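The structure displayed is predicted, hence computed values, not measured ones. Each residue takes its place number in the sequence, starting with 1.
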Amino acid sequence: MRFEVLILGSSSATPIYGRHPTAQLINVNEQLYLVDCGEGTQVQLIKYGIKSNRIKHIFISHLHGDHYLGLIGLLSSMHLVGRKEEVHVYGPAALEEIINIHFLHSQTVLRYPLYVHATQDESAEMIFENEHLQVSSFPLDHRIACTGFRFDEKKRLPTIDRAKTEALGVPTAYLPLIKRGHDYTAPDGTVHRWQNLTLEPPFPRSYAYCSDTVMTPSYLPYIRKVDLLYHEATFLHNMLDRARDTYHTTALQAGEIAVEVQAKKLLIGHYSARYKDLKPLLEESKTVFEATQLALEGSWYSV
């Protein structure tokens, strides 16, 4: 089952050097989820061949423009192309007012149902769940209310051991029952335990998204042992004072966080406009956490 992340935008507040404000697309078993929606997100979706009508759930971390100013345009375009399927947006409570004011004064009545779900920045909470996935929000420490998001794959059913079931002549119609824990009784009365006819499924994977935050221990429990951690790394560590003043993180700190929470892999992004060359950010993070990669626009990363 696919579980991967496409980087649509990797810049901080200013789009520069061909980099766009923050946005990511997550593919879980061919269901698409958008995380943050900076300016130009819908253009990036077109550029990378993603149809916006496949997106049903959008998660907004906070109300700084580089994380949400592309949302109204995306929602409007969905309306203009005749979308009928509902859209769910999860973000700060004030986001609903922003959306409603825009559509009120543009005299736009959406052709599709739009539901805005308020997140809160004081404690972690599960905000979405379906058959494949659970999504939780958790508080970050930024200049305004801000949340991160954690995407946890649900444990899958075991896989049928085809060699064994075919050797026993198990009817195909019975295989779904075996996967759900039912034993199989052969025509001669022999009972075959379902555990002996199945293989263990892959271990559930997880992805954590930390948008904008100063480094504090408060949010680390929510991202422990993730398979892939995305963490902002706006500055090099020689600008630590600037990072603290603006409630951001350095590349070195992002690596230290990955070590502390025992993440398997780290993606760093949200690069300051002062850095045309991103290699020093990568090298700095790798001094403490080798399994670091740069979040590069147009690239897919497996969880």
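Checking each of Arg150, Lys265, Gln24 against Tyr207 for a side chain to side chain donor-acceptor pair (under 3.5 Å) leaves exactly one that passes, namely Gln24.
Note on Leu32 and Val35: separate hydrophobic clusters, where clusters join Ile, Leu, Val, Met, Phe, Trp and Tyr whose side-chain heavy atoms are under 4.5 Å apart, directly or indirectly. The hydrophobic cluster containing Val5 also contains Phe128, counting ILVMFWY residues as joined when their side-chain heavy atoms lie under 4.5 angstrom apart, directly or transitively. The cluster map of Ile, Leu, Val, Met, Phe, Trp and Tyr, joined by side-chain heavy atoms under 4.5 Å apart, puts Leu69 and Ile144 in the same cluster. Leu71 and Leu110 fall within a single hydrophobic cluster, where Ile, Leu, Val, Met, Phe, Trp and Tyr are joined by side-chain heavy atoms under 4.5 Å apart, directly or via other members.
The local environment of CD in Glu97 is sparse, with at most 12 non-hydrogen atoms from other residues, nucleotides or ligands closer than 6.0 Å. Within a 6.0 Å radius of CD in Glu39, no more than 12 heavy atoms belonging to other residues, nucleotides or ligands are found. Around the CZ atom of Arg143, the shell of radius 6.0 Å holds no more than 12 heavy atoms that belong to other residues, nucleotides or ligands. Within a 6.0 Å sphere centred on NZ of Lys154, other residues, nucleotides and ligands contribute more than 12 heavy atoms. Surrounding CZ of Arg83 are more than 12 heavy atoms belonging to other residues, nucleotides or ligands, all under 6.0 Å away. Counting heavy atoms of neighbouring residues, nucleotides and ligands inside a 6.0 Å radius, atom CD of Glu131 exceeds 12 of them. For OH of Tyr247, the number of neighbouring non-hydrogen atoms (other residues, nucleotides, ligands) closer than 6.0 Å is 12 at most.
Taking the six-membered ring for Trp and thresholds of 30 and 60 degrees, His142 and His64 have ring planes more than 60 degrees apart, a perpendicular arrangement.
Side-chain contact of Asp66 with Thr22: a donor-acceptor pair under 3.5 Å is absent, judged by distance alone. Looking only at atom types and distance, the side chain of Glu284 has no donor-acceptor partner in the side chain of Thr287 under 3.5 Å away. Side-chain atoms of Thr292 and Ser285 include a donor-acceptor pair closer than 3.5 Å. Looking only at atom types and distance, the side chain of Gln253 has no donor-acceptor partner in the side chain of His237 under 3.5 Å away. For the residue pair Glu297/Ser10, the side-chain donor-acceptor check at 3.5 Å is satisfied.
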(Q) Quick one, His248 with His270, criterion ring-ring contact (aromatic ring centres under 6.0 Å, His included). Give me CA distance, side-chain angles, the key distance, then yes/no. (A) CA-CA 10 Å; His248 285 298; His270 199 263; 5.1 Å; yes
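Ion pairing of Asp183 with Arg193 is present here, as a side-chain N (NZ or NE/NH1/NH2) and a carboxylate O approach within less than 4.0 Å.
Judged as a side-chain hydrogen bond (donor to acceptor under 3.5 Å, both in side chains), not a single pair has a partner in residues 155-181 (not counting sequence neighbours).
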